[in-house]
Enquirer: 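Mind looking over this structure? Questions follow.
Since the model is a prediction, treat every value here as computed from it, not as a measurement. Any value given below was found using the heavy atoms of this structure, including those in side chains, with hydrogens, waters and symmetry copies removed. Chain A is the first sequence line, chain B the second, and so forth, proteins listed ahead of strands; every chain is numbered from 1.
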Amino acid sequence: MAVEVSTPVFEGPIDLLLHLVNTHEVDVRDVPLAPVVDGFVAALAEGRSRYSMDVLSEFLLVAAILVELKSQALLPGPDEVEPEDELVGWDQRDLLLSRLLECRAYAAVADTLAKMAEAAACSVPRVAGLEDDVVVHAPDLLRGVTPDRLARAFAAAVAPRPEPRIDLSHVTVVDTVTVSEAVEELAVELPRRRRATFAELTEHLTAKIEVIVRFLALLELCKLGRVTLGQGRSFGQLEIEWVGEDEPVGVGALVVDEYRG
Amino acid sequence: MHDDELARAIEAVVMVALEPVSPGLMAELFEEPVERVDAAAAELARTYERDRRGFVLARVAGGWRFQSHPELVAYVERFANRDVSHRLSTAALETLAIVAYRQPVSRAQIAALRGVNVDGVVRLLEQRGYIQAVGRADGPGQPVLFGTTELFLERLGLDSLAELPPIEDYLPGPEAVVELEERLRPPGD
Amino acid sequence: MHDDELARAIEAVVMVALEPVSPGLMAELFEEPVERVDAAAAELARTYERDRRGFVLARVAGGWRFQSHPELVAYVERFANRDVSHRLSTAALETLAIVAYRQPVSRAQIAALRGVNVDGVVRLLEQRGYIQAVGRADGPGQPVLFGTTELFLERLGLDSLAELPPIEDYLPGPEAVVELEERLRPPGD
């Protein structure tokens, strides 16, 4: 189930909108994107029970592509009449499609790999090793191993294995702050401020992806009952109020949902 | 070295090894051409199979090792008192497949493909010993590049990466492309 | 069970075993009389000798085990003393570290922590004299418990285990310790 959006020229699921834009059935320049975001916020207001995190993150992906398409369509290019401009939308679509196709191939082959591993597991290798009476003059394997290195090896062996977390790497391939890191950051900053607008919280950020990650982090905090989110009027500032404890909260105390890829 | 002696030497050495023994190492030990050693090992493997032995001499991860015959897995499992198969999660398997086919590959490249953060999965696969850092990319930040390990080959019962099934066989055909495009539409539209 | 099947089952089980396998244990596994199992194993041993295999099925310490044929000891020694790895692999070092800090600890407990089968690595560390069996756990199957040796202390330049660096200094936080405790429970979760 995709998020429904409503704009003067289109009503329906957002991925259909992208499809129509890509097939040139709808001109992206005629689509105001603000109502699209309104639709998203409305969808959130209706309650998260209706939408899984997958659907919501898919919305963000599609919305990001729409924004990119529109900005490309609006910005005057060096040769506006060049027919290549026509292909811009197709490039984006093809990129998304080829990613989906490649992923599908890996998903299919992963299943085969699992079956191969299962078949291979039916044979157990011999690891009994040498008889005790064989004379071994092999070099000392512990040469260069210090107690410190041993302790580090232990720490590495028992280090918690983090579960996969969501971020929007598919929008940008630059390493960025993850949602739980942003949650951690906000959980320190918000108790100090009590109230803030989204703009204030993100004014120091330059990359769009970081702003989006802060937004997702706020949704997490809202879900955890630590903040309330409000908006005075349409297109008004997003207002955040901290309703958790007064003391800054360590992230260990916040259980952020683990998203599986 | 006589054929007989060579076969016996291979049996003796592989029997005491803890890991697959490469033909190259045996060639050095026995002072024989590597092709001859490899052919002798392959012949031994055929002999065991023909004689319906309860073990096999398998070519795994670039070397030869003794292992129990898969047909006797029930006894071996009962003996070892353990479930020999423990599956990775789907997410881990798909990530492993990407590393296997696209190595050397960076975290960001995997993430771009899978559409999610893969730090946790990559770390898990690294801890399990299925993948390892194999170098660094030239680009900004010089991200770590990952590749699969010998253990990965062993777990899959493969001799080398060349034995992985060709990924082309798994790429969706033209019909699937059309279907994928249509799946961008909601059902019933 | 047919004679053939019995022989194959013995071969498979003894091949994967770390210690000599007693006829009594096999009799239980295969649900056959112990005399029959023992006779079948002895017959196999004769077959290998007759076929001049490079390995023997030997009756040792009350059980059966595969080992290299004494006539081929020269190759086996050359193999054992080959100059390959001067250093422990990361996997081996981490396993050794777990034994050092968690002793006495069983194979299954190490495997649960490391997420992979560690039989080969434990065997290597044992054969190099860095760890040794120090007892058996009370639980089902009474698994062998491992601890480090004097040689281990010597090589690390330590007087006693008390001189190992306090592990708290290396762990990220109390949560990690809790998680560690949880994962040290026997597998089968």
Enquirer: Under 4.5 Å from any heavy atom of chain C, what part of B:Gln132 do you find: side chain, backbone, both or neither?
Expert: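 No part of it gets close to chain C.
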Enquirer: With a 4.0 Å cut-off on N to O distance, would you call C:Glu11 and C:Arg8 a salt bridge?
Expert: no
Enquirer: Got a salt bridge between C:Arg78 and B:Glu28, using NZ or NE/NH1/NH2 to carboxylate O under 4.0 Å?
Expert: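 No, no charged N to carboxylate O under 4.0 Å.
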Enquirer: Taking C:Pro143's backbone N and O only, do any of them form a donor-acceptor pair with C:Ser106's side chain (distance below 3.5 Å, no angle check)?
Expert: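 Here the side-chain-to-backbone pair does not exist.
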Enquirer: Go through the atoms of B:Val56 and report whether side chain, backbone, both or neither lie under 4.5 Å from a heavy atom of chain C.
Expert: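 Interface part for B:Val56: neither.
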Enquirer: Checking side-chain polar atoms at under 3.5 Å, does B:Tyr75 have a donor or acceptor matched by the opposite partner on C:Glu5?
Expert: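 Per modelled atom types, B:Tyr75 and C:Glu5 side chains form a pair under 3.5 Å.
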Enquirer: Heavy-atom distances under 4.5 Å only: say whether C:Val73 touches chain B with side chain, backbone, both or neither.
Expert: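 Neither part.
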Enquirer: Heavy-atom pairs under 4.5 Å with chain B are the metric here; pick the option from C:Val76, C:Leu25, C:Asp4, C:Val121 that has the most.
Expert: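 Heavy-atom pair counts peak at C:Val76.
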Enquirer: Should the pair C:Arg123-C:Glu19 be classified as a salt bridge under the 4.0 Å nitrogen-to-oxygen rule?
Expert: yes
Enquirer: Report which part of C:Ala9 has an atom under 4.5 Å of a heavy atom belonging to chain B: side chain, backbone, both, or neither.
Expert: both
Enquirer: Where does B:Leu18 contact chain C at under 4.5 Å (heavy atoms): side chain, backbone, both or neither?
Expert: side chain
Enquirer: What part of B:Leu44 is in contact with chain C, defined as an atom under 4.5 angstrom from a non-hydrogen atom: side chain, backbone, both or neither?
Expert: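 Interface part for B:Leu44: side chain.
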Enquirer: Is it the side chain or the backbone of B:Ala74 that comes within 4.5 Å of chain C heavy atoms, both, or neither?
Expert: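 Neither; nothing under 4.5 Å.
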Enquirer: Answer with side chain, backbone, both or neither: which region of C:Ile10 has an atom nearer than 4.5 Å to a non-hydrogen atom of chain B?
Expert: neither
Enquirer: Can you confirm if the aromatic rings of C:Phe66 and C:Phe55 lie within a centre distance of less than 6.0 Å?
Expert: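 Yes.
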Enquirer: Which atoms of C:Glu94 come close to chain B, meaning under 4.5 Å heavy atom to heavy atom: side chain ones, backbone ones, both, or neither?
Expert: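 Contact with chain B involves no heavy atom of C:Glu94 at all.
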Enquirer: Under a 3.5 Å cutoff, is there a donor and acceptor pairing between the side chains of B:Arg107 and B:Gln109?
Expert: no
